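Have a look at the structure below, then the notes.
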Amino acid sequence: MFKVRRWAAAAATVVLSAFGIVAAGQVPASAAPNFQVPFQCGVTVTAATFSGHRPANAVDFQKSGITGMPVIASAPGTVTRVANEGSTSYGRWIEIDHGSGWRTRYAHLSTQEVRVGQSVSLGTQIGKAGATGGVTGPHLHYEQNLNGVSQRVVLHGVAVPYYGKTNFTSRNACGGGGGNPYTPQQVCGSAFSVIDSAALGDAGTTYLLYDGSSGRNCVTTLKATSVGSPSPVSAFLEVEGSARATDSGDYSYYAGPVTKEAASTCVKWGGSVGSRSYTSPFEHCG
């Protein structure tokens, strides 16, 4: 784990752990929106592609404990479908229109949190992953469609390899907005993955991360207002049965990291930027 100095500028970015080439005949990536991984910043998921998938170019995002994980819009757009097929097909699913004939679909959701006609920004939470519909296990089924035809998926400008399983780390809405140069993983360390987050209005975002190898949680709050200038910001982490640990002060970019060992133990977490704050219940007990 490492900690970067709060007052220093940073140019580092999260690097995708996948490489690919746009296949011949495929619509060039430049013609499409800059689609991002549909999970929160810093989350690493496995993009699975396989012969016989319906439609052929869809991706199944897999991850241990994916049920209940927030699913976010992979590009700005307008919600065109919020449907429920019950125990068949897509189950609970959402479609977003991104313009110029491009649409994305998100299926097998456990919850849907948007409505038809709603405008969404990149990174807007639209639901949570699950196992509804005709599936044998929890995952997120994801499509990129052009004029009703399924296209091979491109994420962050990188083509998903067909066929196989490839890990991608999300850069979706990283940096807390407002020009913040830091990501949650830069603050907590590359071994950590984002497992939850809470927006503090337009003031910033508080993130909860977990390192499965050490059983440690980490909380950081990234500012999206007054970025680069000292102002009140905080982050806290409380393991059930233990005292709360808090980092607070007038910081330029973020508060934290606040870390504690919490394997198989519930945690309460949260933070604040100015007057906007968030406190979770005890959760993430696994």
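Side-chain atoms are counted along with the backbone in the values below, which use heavy atoms only and exclude waters and symmetry mates. What you see is a predicted model; the values in this text were computed from it and never measured.
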Quiz item: With a 4.5 Å heavy-atom cut-off, do Lys260 and Val267 have their side chains touching?
Solution: no

Quiz item: About how many Å separate CD of Gln36 and OG of Ser74, when rounded to the nearest 0.5 Å?
Solution: 8.0 Å

Quiz item: So do the side chains of Gln125 and Ile72 get within less than 4.5 Å of each other, counting heavy atoms only?
Solution: yes

Exercise. Could you walk me through whether Val82 and Arg115 pass the side-chain contact (heavy atoms from CB on, under 4.5 Å) test, one step at a time?
Key: CA-CA 6 Å; Val82 179; Arg115 65 185 184 280; 5.5 Å; no

Self-check item: Cluster link Ile66 to Val194, ILVMFWY, side chain under 4.5 Å
Solution: yes

Quiz item: Which heavy atom in Thr220 sits nearest to a heavy atom in Cys188, and how many Å separate them?
Solution: CG2-SG, 4.2 Å

Quiz prompt | Close side-chain approach of Val273 to Thr205, heavy-atom, < 4.5 Å | solution = no

Practice problem: For residues Ile94 and Val71, determine if any side-chain heavy atom of one lies less than 4.5 Å from a side-chain heavy atom of the other. | Solution: no

Quiz item: So, do Tyr210 and Phe192 have ring centers that fall under 6.0 Å from each other?
Solution: no

Quiz item: Using 30° and 60° as the class limits, which term best fits the ring planes of His108 and His141: parallel, tilted or perpendicular?
Solution: perpendicular

Practice problem: With the side chain counted from C-beta on, respond yes when Trp269 and Asn217 share a heavy-atom pair under 4.5 Å apart, and no when they do not. | Solution: no

Exercise. Begin from the C-alpha positions of Lys128 and Glu113 and carry the test side-chain contact (heavy atoms from CB on, under 4.5 Å) through to its verdict.
Key: CA-CA 8 Å; Lys128 293 181 179 178; Glu113 300 173 11; 3.6 Å; yes

Quiz item: What distance separates Ser193 OG from Leu209 CG, expressed to the nearest 0.5 Å?
Solution: 7.5 Å

Quiz item: When hydrophobic residues are tied together by side-chain contacts of less than 4.5 Å, even through go-betweens, does Val158 share a cluster with Val45?
Solution: yes

Exercise. Identify the residue among Phe39, Phe35, Phe61 that makes a ring pair (Phe, Tyr, Trp, His ring centres under 6.0 Å) with Tyr142.
Key: Phe61

Exercise. State, to 0.1 Å, how close Ala73 and Asn172 come at their nearest heavy-atom pair, and which atoms those are.
Key: O-ND2, 3.1 Å

Practice problem: Verify the ring-centre separation between Tyr163 and His53: is it less than 6.0 angstrom? | Solution: no

Practice problem: Mind checking the NZ-CG spacing from Lys268 to Leu237? Nearest 0.5 Å is all I need. | Solution: 11.5 Å

Quiz item: Where do Arg244 and Val258 land on the side-chain contact (heavy atoms from CB on, under 4.5 Å) test, with the steps shown first?
Solution: CA-CA 10 Å; Arg244 178 178 297 189; Val258 181; over 6 Å; no

Exercise. Taking the side chain as every heavy atom from C-beta outward, state whether Cys41 and Pro184 have any atom pair closer than 4.5 Å.
Key: yes

Quiz item: Do the side chain of Thr265 and the main chain of Ala263 share a donor and acceptor less than 3.5 angstrom apart?
Solution: yes

Quiz item: With distance as the sole criterion, is a donor-acceptor pair present between the side chains of Thr259 and Arg216 under 3.5 Å?
Solution: yes

Practice problem: Assess Lys223 against Tyr253: is NZ or CZ under 6.0 Å from the centre of the six-membered ring, and within 45 degrees of the ring's axis? | Solution: no

Quiz item: Is it true that a side-chain atom of Thr206 and a backbone atom of Val219 form a donor plus acceptor pair closer than 3.5 Å?
Solution: no

Quiz item: Side chains of Tyr162 and Val59: does their closest heavy-atom pair fall under 4.5 Å?
Solution: yes

Self-check item: Over all atoms of both residues, closest heavy-atom pair of Ala47 and Val160
Solution: CB-CG1, 4.1 Å

Quiz item: Considering all heavy atoms of both residues, which atom of Val239 and which atom of Phe282 are nearest to each other, and what is their separation?
Solution: C-CE2, 4.3 Å

Exercise. Can you measure from CD (Glu283) to CG (Leu208) and round to the nearest 0.5 angstrom?
Key: 7.5 Å

Quiz item: Are Tyr106 and Leu140 close enough that some pair of their side-chain heavy atoms sits under 4.5 Å apart?
Solution: yes

Exercise. Walk me through it: do Lys165 and Gln62 pass the test side-chain contact (heavy atoms from CB on, under 4.5 Å)?
Key: CA-CA 9 Å; Lys165 294 184 176 183; Gln62 304 169 344; 3.5 Å; yes

Self-check item: Same cluster (ILVMFWY, side-chain, under 4.5 Å), Leu155 and Leu146
Solution: yes

Quiz item: Do Ile126 and Val153 share a hydrophobic cluster, counting only Ile, Leu, Val, Met, Phe, Trp and Tyr and linking them when any side-chain heavy atoms are less than 4.5 Å apart?
Solution: yes

Quiz item: Is the NZ or CZ atom of Arg105 both under 6.0 Å from the centre of the six-membered ring of Tyr90 and within 45° of that ring's axis?
Solution: no

Self-check item: CD-CG distance between Glu143 and Asn57, expressed to the nearest 0.5 angstrom
Solution: 9.5 Å

Quiz item: Looking only at heavy atoms, which two atoms of Gln151 and Val149 are closest? And how far apart?
Solution: NE2-O, 3.1 Å

Practice problem: Kindly work out whether a path of hydrophobic side-chain contacts (I/L/V/M/F/W/Y, heavy atoms less than 4.5 Å apart) joins Trp93 to Trp102. | Solution: no

Practice problem: Given side chain to side chain donor-acceptor pair (under 3.5 Å), test Thr80 with Glu95 step by step and report yes or no. | Solution: CA-CA 6 Å; Thr80 52; Glu95 181 181 75; 2.8 Å; yes

Self-check item: Closest non-hydrogen atom pair, Ser170 against Gln40
Solution: CB-O, 3.3 Å

Quiz item: Without hydrogens or angle criteria, can the side chains of Thr46 and Asn167 be said to hold a donor-acceptor pair below 3.5 Å?
Solution: yes

Quiz item: Roughly how far, to the nearest 0.5 Å, is CG of Leu222 from OG1 of Thr183?
Solution: 7.5 Å

